[in-house]
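Following: one structure in structure tokens, then a few remarks.
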Amino acid sequence: MTAQSQGPLIAREEQQLVEQLRAGNEDAIRAIYARFSRPVFSMGMRILGSAEAAEELTQDVFVMAWRKAARFDASRGRLSTWLMTIAHNLAVDRLRRETGLSRPRLVLVEDVPDVAIDGEDEPFIERDLAVRALESLSRNDRALLIRAYYGGLTAREIAEQDSIPLGTVKTRLRTALIKLRAANVEKERQ
Amino acid sequence: MNCLAVRERLPEHTLHLLEEPESTSIDRHVEWCAACRKEFSDFGEAAATIPVAMTDRAPLPELEGRVVGAVRSAAGSTRPGRSRARMAAVAVVAAFVAVAALGWGAVMAGRADRFSARAKAAVQQQNVAIARFESLISTLPGTVPTDHPRLGDLSPTPGHGNVATGAALMLTNGAGPDYAFVILNGVQQKRVGDLPYRVDLEDAAHAGVTVGRITGLQGGTAQLIKSFGRDLLPFSRVKVFDATGKVVMTGTIGTDSPGSAR
């Protein structure tokens, strides 16, 4: 059974894994890579737009995770959250640095993929949970979040593009995040 | 920036859409505000669902070896976590806490009478405080500045009784945020009614900035830490005000800190 098929780790396991990562333990690095390289790489493809840049991002994320390992506290958040936050920060920073834009401009909005990833032999349970949580949002809310997350559109820009009040967009963004968080908690309980 | 303003911006901040200096202001706020930090954490967890759900690509198999090699190479060349600068800052704070816990006179007395019960108890108390500050410093973002550590003790203002002992420390540099630490010890229970205390820094022209407010005590002790986006070098005076606005403690922060790691 691969590491991806084992479902979410409990907090204690995540803490141990990151402590081993901090020590440079190869098994720990490979275990974390097996779980999270695909979402990081996919994010890199969406935001940075090339396989080469996405590979560099993936490598940078793991080195950064090692550097910041001492700060990881499993009691305050999931490992996936921590890694995805590092990845999104690095991707957005890189895009800003390379394009000179203050925010990412690449908009690659697709619906939630429901097909198996190439080379994925077994289901990635953490992804299945995330997919179900994301799909629990209305199509509009989901699209809004994805436009902001991958497209770098601010609330003001979305409001202008869609000709709706800024306050409405801000409220919808907030509500969508709250719903997504609640759906996460609910799916994990099931 | 207050909680209301921060919370209005948290969704966009979570999605890395805000620009400087707004972004840094929010980071500083959530660093110290537990309620906003919780909401930010919840939003971060929600946002992280997006890339996990939208995973549809797999990197080439050979990337794994490169990543493992890069991390092992980094791990082999340096140890993460405590940089020299951070350790230096911890040492400075250790010296600071020693002073704050005992007062200058007690420190000197402790040297002369190191085996006394008082010295032992003080050292124990000091070690607990050092661990607390060390832990606090390890959470500070970026490099902790140690270019100009400045230390001073706080004394009760004449006419206001023996309010407490205390000390203040500033860690400043030219590049990143500056930090101010203030600690009060031995605040008597009868003084609780005087809370909240407000702690200000003052420059030579009597212009002030507020480090924070002390609203509660733990075992007669209170501590404040605040990062400033501005240069704290001009500030050398510390004032502690009680709830009625009276100055109950003052102190002067020196140009260098005794016991500093430098």
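Letters A, B, ... are given to chains in the order of the sequence lines, protein chains preceding strands, and every chain is numbered from 1.
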- Find the distance between CG (L180(A)) and CZ (F43(B)) and round it off to the nearest 0.5 Å. 11.0 Å
- For residues D56(B) and R46(A), determine if any side-chain heavy atom of one lies less than 4.5 Å from a side-chain heavy atom of the other. yes
- Query: Who among R66(B), K38(B), R37(B) has the most heavy-atom pairs with chain A under 4.5 Å?
  - Reply: R66(B)
- Message: For a quick test of reading the model, state the closest non-hydrogen atom pair linking L134(A) to A53(B) and the distance between them.
- Response: CD2-CB, 3.7 Å
- Message: I need the L15(B) CG to T154(A) OG1 distance, nearest 0.5 Å.
- Response: 11.0 Å
- Query: Using a cut-off of under 4.5 Å for heavy-atom pairs, which of V40(A), N89(A), T58(A) has the most such pairs with chain B?
  - Reply: N89(A)
- Taking side chain as C-beta onward, heavy atoms only, is E12(B) less than 4.5 Å from K170(A)? yes
- By a 4.5 Å heavy-atom criterion (distance strictly below it), what part of Y33(A) contacts chain B: side chain, backbone, both, or neither? side chain
- Message: For the interface with chain A, which of P59(B), P11(B), P61(B) has the highest count of heavy-atom pairs at distances below 4.5 Å?
- Response: P59(B)
- Judged by atom type as modelled, is there a donor-acceptor pair below 3.5 Å linking the side chain of S42(A) to the main-chain atoms of R57(B)? yes
- Query: Would you call R78(A)-E45(B) a salt bridge at under 4.0 Å N-O?
  - Reply: no
- Item | Atom pair OH/CE of Y149(A) and M54(B) - distance to nearest 0.5 Å | 10.5 Å
- Message: To the closest 0.5 Å, what do you measure between CZ (R156(A)) and CG (L17(B))?
- Response: 13.0 Å
- Item | G24(A) backbone acceptor or donor facing R72(B) side chain under 3.5 Å | yes
- Message: With a 4.5 angstrom heavy-atom cut-off, is it the side chain or the backbone of A51(A) that approaches chain B, or both, or neither?
- Response: neither
- Message: Rounded at 0.5 Å granularity, tell me how far CD1 in I50(B) sits from CD1 in I146(A).
- Response: 6.5 Å
- Of the non-hydrogen atoms in V63(A) and A70(B), which two are nearest, and what is the gap between them? CG2-CB, 3.8 Å
- Message: Can you tell me which portion of E8(B) sits under 4.5 Å from chain A's heavy atoms? Options are side chain, backbone, both or neither.
- Response: both
- Go through I29(A) and E64(B) one step at a time and tell me if the side chain to side chain contact (heavy atoms under 4.5 Å, CB included) criterion holds. CA-CA 9 Å; I29(A) 303 167; E64(B) 181 174 354; over 6 Å; no
- Compare every heavy atom of H16(B) with every heavy atom of T85(A), then report the nearest pair and how far apart it is. O-CE1, 4.0 Å
- Query: Closest heavy-atom contact between A46(B) and R181(A)?
  - Reply: CB-N, 3.8 Å
- Which residues satisfy the side-chain hydrogen bond (donor to acceptor under 3.5 Å, both in side chains) test with S80(A), sequence neighbours excluded? E126(A)
- Query: Quick one: CH2 on W82(A) to OG on S41(B), what's the gap to the nearest 0.5 Å?
  - Reply: 14.0 Å
- Pair E39(B) + R174(A), salt bridge at N-O below 4.0 Å: yes
- Task: Using a 4.5 Å cut-off on heavy atoms from C-beta on, say whether the side chain of L60(B) contacts that of E55(A).
- Result: yes
- Portion of D60(A) that has a non-hydrogen atom of chain B nearer than 4.5 angstrom: neither
